[in-house]
Peer 1: 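What follows is a single structure, and I will ask about it in a moment.
Reminder, nothing fancy here: chain letters follow the sequence lines and each chain counts from 1.
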Amino acid sequence: MKDRESSQSRSGKPAGSPSRLGRVLEPAKMAAPVVGSARCLCLLGPGVRRTLRALPGLTQVRWSRYDANYKEPQLDKDYYLKPLEELTEEEKFERDLRTTQIFKAPPASKTSSLFEDPVISKFTNMMMKGGNKILARSLMIETLETLKRKQFKKYHEAKAEERETIECNPYTIFHQALQNCQPILGLVSILKGGRFYQVPAPLTDRRRQFLAMKWMIQECREKKPRRMLMPEKLSHELLEAFHNQGPVVKRKHDLHKMAEANRAFAHYRWW
Amino acid sequence: MMLRKVIRLISKSHKYDVLVYTSFCHTVFQFSRSFCQMLHSGCFLHVGTKASQSIAVSLDTQVLGEKCRTISRTQENDPVKTFNEACLMVREPALELLHYLRSTNFANPAIRYVIYGEKGTGKTLTLCHAVHFCAKQNWLIMHVPDAHCWVKNCRDLLQSTYNKERYDQPLKASTWLKNFKTSNERFLNQIKIQQKYIWNKRESIEEGRPLGEVVEQGLNRVKNASDAVGIVMKELKRQSSLGSFRLLVAVDSVNALWGRTTLKKEDKSLVAPEELTLVHNVKKMVTSDWHGGAIVVSLSQTGSLFKPRAAYLPQDLLGKEGFDDLDPFVPIQVYNYTPKEFESCIQYYLENRWLQHQKAHTEEGKKELLFLSNSNPWQLERLCAYL
């Protein structure tokens, strides 16, 4: 615990409000970090960020060992495969600049594979339990395969006219299903006059995507019969969501209805 | 149909995908016509309802004499469901094997052909191809889809009435008899048994009755199923030398016959493979002291018990005992895909719309698949399943 730097909050926002940076400020469990940090700051290397001394009682929970000088890595193969002649002056300058800069290490889950999909990776991570990425990934793969097989079966049983309407690509089904599950408005708890009101508020894109994935996973975990496997249930729910039916889309509609019902409190929101 | 039957047997035991595809070669192979003939002659009754909808078995391939380049993949549980067809890729090892089978001298003792190779290279399907070829040539097929099934996961072990020291497996024996019956219908009435067999105090079978009755008895009285299997094997071995029919003994995962089992007797001691009637009978079939046919056998590490994952050579998988029993044999090694075969496989998937990912259609996508799978057929199939 001594190594934890106590730092000042980035901006003076109140505790309850959503912070854009996603950093949650928690009251420090012990007063020691504030005192010990002076020595720690000297011991740490130059690359580590030295933030300012925190206000007493506030420490940063999520922090990075990387300095501000560290740049994000470039994982796009096309960037490097571009021949030298096609580069503009700016791009050449940027390339030369990159040779002098220091870069963060890319995470193990990011590859330069053509078949990588950030949405699927995020979904896999959300399905993961206890760090068992192998299991989560295999479940995801099996779900995609099951989706494909189900659609192929339908395709072969359908007549020639209907065949074009049947979507066999599991990736488009997955993306479309999640799109259909994303809510437009969410409800936020606001304290006014000693009472908490559920106020309709806009959601960021990230939050919407997160909610869609969360609902999907919750639905598949809780509402399935005992012996049914996750891929089977997930593929079934994804297909239903793709057609705008099913329990997850219903949950989204319920949220919209609640937001509509609480329209009167919309003025309680000040951002 | 025969192919589908065989594949269904194999895939039920192996539970991995088998898509069979005959693709673009340059001379006509007449597969579909022969299939229709077989269907009309009524020898393949076991055609599921789904298969009957889609008997468009598009096996019109073109073959340059011996230089076929067709590709075989198998599909989970039912080769016909996903693509509505059953296709095989013909590869070099299979061609070699078929050449030997075509030029067998039936006066000599049966030659043993052992198919071996690393995991996922296509041993089972090569065996499958040989079985199909022989079925087309009207041989009598004695096919054991997976010998590993017999040495593990068996709930019902009965002490054999014939020999006190051996153990019967009624359910497995009856499944085998059912499959044997559907694949060799026309022979069952032609072949007559040459000895009287007594089942119990009240039932017996006289000399001269058709073999079909033995099979019926085995299916009706499940307790006698293993003995029925023994009788069938003994009769066929004796009579194949006479020349009225040609016998093909095809055993997959033959290394199960000489390893260890996970079955236990009532006093919790382990059962050795020799103490199982089914295993004992099949071992007798695999010895080459009969003539009038051939023995094609393949090894398998995938379902094997107590063998390391990296083992694939006959010596490693069979053990000393098995190797000595099978020796001498003709070894046939199966390899990973050559670049041409890989290309052919990808083309097949693309034609059938199996590769749905947009990037998989590009050149870089193919290169990536080649790299990730290392041209291993099984690995490629697993990769393409979710792309």
Peer 1: Got more than 12 heavy atoms from elsewhere within 6.0 Å of NZ, B/Lys178?
Peer 2: no
Peer 1: Check the pair B/Arg353, A/Lys148 against side chain to side chain contact (heavy atoms under 4.5 Å, CB included), reporting the backbone distance first and the verdict last.
Peer 2: CA-CA 10 Å; B/Arg353 300 168 68 245; A/Lys148 215 197 224 182; over 6 Å; no
Peer 1: What part of B/Glu364 is in contact with chain A, defined as an atom under 4.5 angstrom from a non-hydrogen atom: side chain, backbone, both or neither?
Peer 2: both
Peer 1: Which bit of A/Ser113 comes within less than 4.5 Å of chain B, counting heavy atoms only: side chain, backbone, both or neither?
Peer 2: both
Peer 1: Provide the closest heavy-atom pair for A/Phe152 versus B/Asn352 in the form atom of the first, atom of the second, distance.
Peer 2: CE2-O, 3.5 Å
Peer 1: Surrounding CD of A/Glu164 (heavy atoms of other residues, nucleotides or ligands, distance under 6.0 Å), is the total greater than 12?
Peer 2: no
Peer 1: Quick one: sort the A/Tyr171 and B/His357 rings into parallel, tilted or perpendicular, breaks at 30° and 60°.
Peer 2: perpendicular
Peer 1: Using a 6.0 Å cut-off, check whether atom NZ of A/Lys214 has over 12 heavy atoms from anything other than its own residue.
Peer 2: no
Peer 1: Taking everything shown except A/Ile134 itself, do over 12 heavy atoms lie less than 6.0 Å from its CD1?
Peer 2: no
Peer 1: About how many Å separate CG of B/Asn84 and OH of A/Tyr155, when rounded to the nearest 0.5 Å?
Peer 2: 10.5 Å
Peer 1: What distance do B/Arg382 atom CZ and A/Glu145 atom CD have between them, rounded to the nearest 0.5 Å?
Peer 2: 4.5 Å
Peer 1: Are any of the side-chain heavy atoms of A/Glu116 and B/Lys359 separated by less than 4.5 Å?
Peer 2: no
Peer 1: Determine whether more than 12 heavy atoms belonging to other residues, nucleotides or ligands lie under 6.0 Å from atom CZ of A/Phe93.
Peer 2: no
Peer 1: Measure the shortest side-chain to side-chain distance between A/Glu142 and B/Tyr386 over non-hydrogen atoms and say whether it is less than 4.5 angstrom.
Peer 2: no
Peer 1: Quick one: of A/Thr143, A/Leu144, A/Ile141, who has the most non-hydrogen atom pairs under 4.5 Å with chain B?
Peer 2: A/Ile141
Peer 1: Might you confirm whether atom NZ of B/Lys152 has over 12 heavy atoms from other residues, nucleotides or ligands at distances under 6.0 Å?
Peer 2: yes
Peer 1: How about CE on A/Met126, more than 12 heavy atoms from neighbouring residues, nucleotides or ligands closer than 6.0 Å, or not?
Peer 2: yes
Peer 1: So do the side chains of B/Thr82 and A/His156 get within less than 4.5 Å of each other, counting heavy atoms only?
Peer 2: no
Peer 1: Take a 6.0 Å sphere around NE2 of A/His256 and say whether it holds more than 12 heavy atoms from other residues, nucleotides or ligands.
Peer 2: yes
